[in-house]
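Worksheet: the structure to be examined is printed underneath.
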Amino acid sequence: MADQFSTPLELPLSGESLTAINAHLSQLSPQDILIWALTHLPALYQTTAFGLTGLVALDMLSKSGHPIPKLIFLDTLYHFAETYELVQEVRERYAVDIKVYKPEGCKTIGDFEKKHGEELWQKDEDIYDFAVKVEPAQRAYQELGVHSVITGRRRSQGGDRASLQPLEVDAYIRENNVPRNKLLDQGYRSVGDWHSTQPSREGDTGERAGRWADKEGKTECGLHKNFSEMKSRAKLEEQRIPTEEVTTASEVATPPA
């Protein structure tokens with residue numbers, strides 16, 4: 001049945017329009033929701049860390065009869081080798097254009113640690129999240145002219161995502177032979193950076209078990225926090241690190257009295 005919404009949608013949306021759209025989409029299948037997005041949402045991209053939900057969405061999009069939106073992959077530089085292998089597999093299988101964004105001014109882990117110090121995720125997880133995901137995402141949206149994004153967030157993942165629209169994927173993965181991260185067969189339920197991801201343990205609940213296991217109450221990577229506040233804190237941290245390096249060098253060079 002045809003809907004009453006303009007094609008493409010005129011942005012920005014009013015609260016009334018957003019409520020009406022969500023009410024309409026809640027009656028559709030995941031495949032039909034994605035087709036609706038392809039036909040209604042302007043400047044549409046898909047952001048993905050190549051988790052199961054994002055890959056299912058990509059497979060559905062590839063079978064929709066419409067051109068596949070370009071992918072945005074935020075390369076934190078700390079992904080598992082298996083994740084990078086999966087990126088290449090997806091690129092080849094779906095012939096999709098993947099736009100890769102890394103932390104600003106960094107091509108390698110060495111570049112990142114020279115700029116931010118070692119183990120930033122331990123010292124300040126908010127600044128780490130800003131540097132590896134939030135800032136690159138904002139830069140991607142600005143450079144690419146992104147107005148709309150398809151993400152892999154789902155209500156069934158729990159935590160801060162509990163109020164989102166659900167999308168169950170397990171059966172679809174088996175039936176359609178969707179590519180998946182090899183680590184999911186090694187006890188991992190959800191795969192992020194290697195330093196903050198571990199296999200799930202006995203008694204763990206939730207499909208994101210093992211992510212930030214030593215960070216009580218942390219459920220999100222920072223992409224959905226206050227951007228301006230995180231940016232200000234990150235800038236202050238960048239200014240502090242060079243000062244510390246100069247002080248340390250001075251101490252080493254100064255002979256004892």
Side-chain angles (χ1 to χ4, degrees), residues 8-9 11-13 18 25 30-31 33-62 64 66-80 83-84 86-91 93-104 106 128-157 159-161 163-167 169 178-181 190-193 196-197 207-208 211-212 219-227 230-231:
L9 291 176
L11 303 179
L13 294 173
L18 186 60
L25 295 181
Q31 290 91 335
I33 290 174
L34 290 171
I35 292 174
W36 187 94
L38 290 172
T39 56
H40 285 79
L41 298 182
L44 178 65
Y45 284 72
Q46 180 181 358
T47 60
T48 182
F50 295 90
L52 287 178
T53 309
L55 291 169
V56 165
L58 174 59
D59 193 79
M60 290 179 177
L61 289 165
S62 73
S64 68
H66 296 268
I68 303 175
K70 294 181 176 66
L71 299 186
I72 297 174
F73 171 48
L74 304 180
D75 181 2
T76 66
L77 304 174
Y78 290 93
H79 287 293
F80 287 90
T83 301
Y84 291 115
L86 182 59
V87 173
Q88 186 58 31
E89 180 182 353
V90 167
R91 180 182 280 116
R93 174 165 176 172
Y94 295 103
V96 63
D97 188 0
I98 302 177
K99 303 296 186 182
V100 180
Y101 278 79
K102 299 182 179 183
E104 188 175 26
C106 303
Y128 175 79
D129 287 345
F130 176 85
V132 303
K133 292 189 177 179
V134 180
E135 187 283 327
Q138 293 293 325
R139 181 159 31 95
Y141 296 163
Q142 291 174 3
E143 291 182 0
L144 299 173
V146 177
H147 289 170
S148 316
V149 293
I150 297 169
T151 75
R153 304 172 75 222
R154 291 187 291 116
R155 185 168 60 192
S156 63
Q157 291 169 326
D160 292 345
R161 308 183 178 198
S163 61
L164 297 174
Q165 180 72 23
L167 171 61
V169 301
V178 176
R180 64 201 305 268
N181 198 309
S190 178
V191 181
D193 291 344
S196 56
T197 306
E207 65 181 82
R208 288 169 68 80
R211 296 288 295 278
W212 306 291
T219 62
E220 286 292 353
C221 63
L223 281 171
H224 314 287
K225 295 185 178 181
N226 186 298
F227 173 75
M230 296 179 76
K231 182 178 181 179

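Each residue takes its place number in the sequence, starting with 1.
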Quiz item: How many angstroms lie between atom CZ of Phe50 and atom CZ of Arg180, to the nearest 0.5 angstrom?
Solution: 16.0 Å

Quiz item: When rounded to the nearest 0.5 angstrom, what is the spacing between CZ in Phe73 and OG1 in Thr83?
Solution: 7.0 Å

Exercise. Please report the shortest heavy-atom distance between Leu38 and Pro69, naming the atom on each side.
Key: CD2-CG, 3.5 Å

Self-check item: pair Leu77-Asp75: side-chain heavy atoms closer than 4.5 Å
Solution: yes

Practice problem: Give a yes or no on whether the backbone of Gly192 and the side-chain of Thr197 come within a donor-acceptor separation of less than 3.5 Å. | Solution: yes

Quiz prompt | Closest approach of Tyr101 to Glu143 (non-hydrogen atoms, all atoms of both residues) | solution = OH-OE1, 2.9 Å

Quiz item: Going from CD1 on Ile72 to CG on Asp97, what distance comes out if it is rounded to the nearest 0.5 angstrom?
Solution: 10.5 Å

Quiz item: Where is the tightest heavy-atom contact between Tyr45 and Leu144, given as atom of each residue plus distance?
Solution: OH-O, 3.4 Å

Quiz item: So, does Ser148 use its side chain to make a donor-acceptor pair with the main chain of Pro42 at under 3.5 Å?
Solution: yes

Practice problem: For residues Leu74 and Val132, report the shortest heavy-atom separation together with the two atoms involved. | Solution: CB-O, 4.4 Å

Quiz item: So, for Asn181 and Leu86, which heavy atoms are closest and what is the spacing to 0.1 Å?
Solution: N-CD2, 3.7 Å

Quiz item: Does any N or O in the side chain of Arg139 come within less than 3.5 Å of the main-chain N or O of Lys102, such that one atom is a donor and the other an acceptor?
Solution: yes

Practice problem: Could you tell me whether His40 atom NE2 has more than 12 heavy atoms of other residues or ligands within 6.0 Å of it? | Solution: yes

Quiz item: Side chains of Arg91 and Gln88: is there a donor and an acceptor less than 3.5 Å apart?
Solution: yes

Quiz item: Distance from Met60 atom CE to Ile68 atom CD1, nearest 0.5 Å?
Solution: 13.5 Å

Quiz item: Is the closest side-chain heavy-atom distance between Leu9 and His147 below 4.5 Å?
Solution: no

Exercise. Can you see which heavy atom on Leu71 is nearest to which on Val90, and at what distance?
Key: CD1-CG1, 4.4 Å

Practice problem: Could you grab the distance from atom CG of Leu34 to atom CD of Gln46, nearest 0.5 Å is fine? | Solution: 8.0 Å

Quiz prompt | Rounded distance [0.5 Å steps], OG1 in Thr76 versus NZ in Lys133 | solution = 6.5 Å

